[in-house]
Amino acid sequence: MRTTAMKQRAGFTILDAPVMMTPQLTEQFLNSLKAGGRQKQTIRTYRHSLEELYDYLPAEKEIKSGTLAEWKEYIKACGYSDSTVNIRLTAANGFLRFCKREELTAVHEHIAPDEPMPEMTREEYLQFLSKMRELGSEKYYFMVKVFASIDITISELDCLTVDSCRKGVMHLPDEKVAAIPYCLGEELLEYANRHKITEGPIFVTRSGRLMHRTNITNSIRRQAERVGMDPGKCCPSALHRVYLTTQKELMERLMPVYRQSYENLLNTEQTVVGWNK
């Protein structure tokens, strides 16, 4: 290996050299975060971001001057919000600083104050689902249904397996669990059976590999364009908000029943152990 001095004599400075991104180097960086006391969720987010960067890079897996700026424009074009773009860049910039190559970092995206997030109503979700069924877009029909029906994000989709559908529960990172509604689990098992998926993740490529998160988002957006829906609303994060909003509305409806049930319980106990009993 040439030393820095040798490279400079040859008219090649260390600043010209690209950083080769390897899984081993990425793991070293993530371990340094862990040793520094970073939270598990933060490390998970950094890992997912760096995996996306690694997949984006060409075969030689080199980060050069301007690479992150190009990647930023790519993920923006994929429909990521500015805040998500900045999360990805924070992870990538941290990795490059770990490699002592801060000159290869990229500036964050400016976020306008109170930037509105696109919202999808439950009626729009059902309309989207119905149109994809009419088109025969089976895989993405079920993906959309999953994001709007189960409390998972796109980074956790790989945890949705044949076994979890049989058991009715998903085991997620950091000891989280997510319930799979029975009717949806049965539909997913039928889907897996039709496509000869007997074990492992439900959603894979034709070659049996895991689907990349960016490809999932882009594919769902393309489905929205095909059926005349707003692509900005038709993405995994917006569909997950449909789930969260529905859960919140249901809890608000049930709250009076809960309060009355609690009041009845206390009244019953009062008749047994009240002070003036």
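What you see below is based on every heavy atom in this structure, not just the backbone, and it leaves out hydrogens, waters and symmetry mates.
No salt bridge links Glu102 with Lys100; every basic N to acidic carboxylate O contact stays at or beyond 4.0 Å. Note on Arg47 versus Glu27: salt bridge recorded, some NZ/NE/NH1/NH2 to OD/OE distance being below 4.0 Å.
Here Asn31 contributes atom CG and Arg38 contributes atom CZ; the two are 14.0 Å apart, rounded to the nearest 0.5 Å. One finds the CD1 atom of Ile150 at 9.0 Å from the OH atom of Tyr243 (value rounded to the nearest 0.5 Å). Taken to the nearest 0.5 Å, the CG atom of Leu254 stands 12.0 Å off from the CD atom of Glu249. The CE atom of Met132 sits 7.0 Å away from atom CD1 of Ile220, with the distance rounded to the nearest 0.5 Å. Separating the CG atom in Leu53 from the CE atom in Met21 is a distance of 4.5 Å, to the nearest 0.5 Å. For the atom pair CG (Leu189) and CD1 (Ile197), the distance works out to 10.5 Å, reported to the nearest 0.5 Å.
The number of heavy atoms from other shown groups lying within 6.0 Å of CZ (Arg194) is above 12. Enclosure of atom CD in Glu199 is not indicated, since only 12 or fewer non-hydrogen atoms of other residues, nucleotides or ligands lie within 6.0 angstrom. Taking a 6.0 Å sphere around CD of Glu60, one finds it holds more than 12 heavy atoms contributed by other residues, nucleotides or ligands. The environment of CD in Gln39 is sparse: at most 12 heavy-atom neighbours from other residues, nucleotides or ligands sit within 6.0 Å. Other residues, nucleotides and ligands contribute over 12 non-hydrogen atoms within 6.0 Å of the NZ atom of Lys76.
Glu138 has its side chain within reach of His195: a pair of non-hydrogen atoms, C-beta onward, lies under 4.5 Å apart. Here the side chains of Arg44 and Lys40 are not in contact, with every heavy-atom distance at 4.5 Å or above. Met229 places none of its side-chain heavy atoms less than 4.5 Å from the side chain of Gln223. Two residues are said to be in side-chain contact when any heavy atoms from C-beta on lie closer than 4.5 Å; Leu188 and Phe203 meet this criterion. Between Ile202 and Thr161, the closest side-chain pair of non-hydrogen atoms is not below 4.5 Å. For the pair Val19/Leu96, a side-chain contact is recorded, criterion being any heavy-atom separation below 4.5 Å from C-beta on. In this structure, the side chains of Ile75 and Tyr56 stay at 4.5 Å or more apart for every pair of heavy atoms. Under the 4.5 Å side-chain criterion, counting only non-hydrogen atoms from C-beta, Tyr46 is in contact with Thr90.
Between the Ser219 side chain and the Asn215 main chain, a donor and an acceptor come within less than 3.5 Å of each other. Looking at Asn93, its side chain does come within 3.5 Å of a backbone N or O of Ala106 through a donor-acceptor pair. In this structure a side-chain-to-backbone donor-acceptor pair under 3.5 Å is missing from Ser130 to Gln127. Side-chain atoms of Glu156 come within 3.5 Å of backbone atoms of Thr153 as a donor-acceptor pair (strictly under, hydrogens ignored). Lys176 places no side-chain N or O within 3.5 Å of a backbone atom of Met170 that could act as its donor or acceptor partner.
When every heavy atom of Phe147 is checked against every heavy atom of Ile154, the shortest pair comes out as CE2-CA, 3.7 Å. The heavy-atom pair separating Ala91 from Leu50 by the smallest distance is O-CD2, 3.8 Å. Leu184 approaches Ser149 most closely through the heavy-atom pair CD2-CB, 3.8 Å.
Under a cutoff of 6.0 Å and an axis angle of 45°, Lys61 and Tyr54 form a cation-pi pair.
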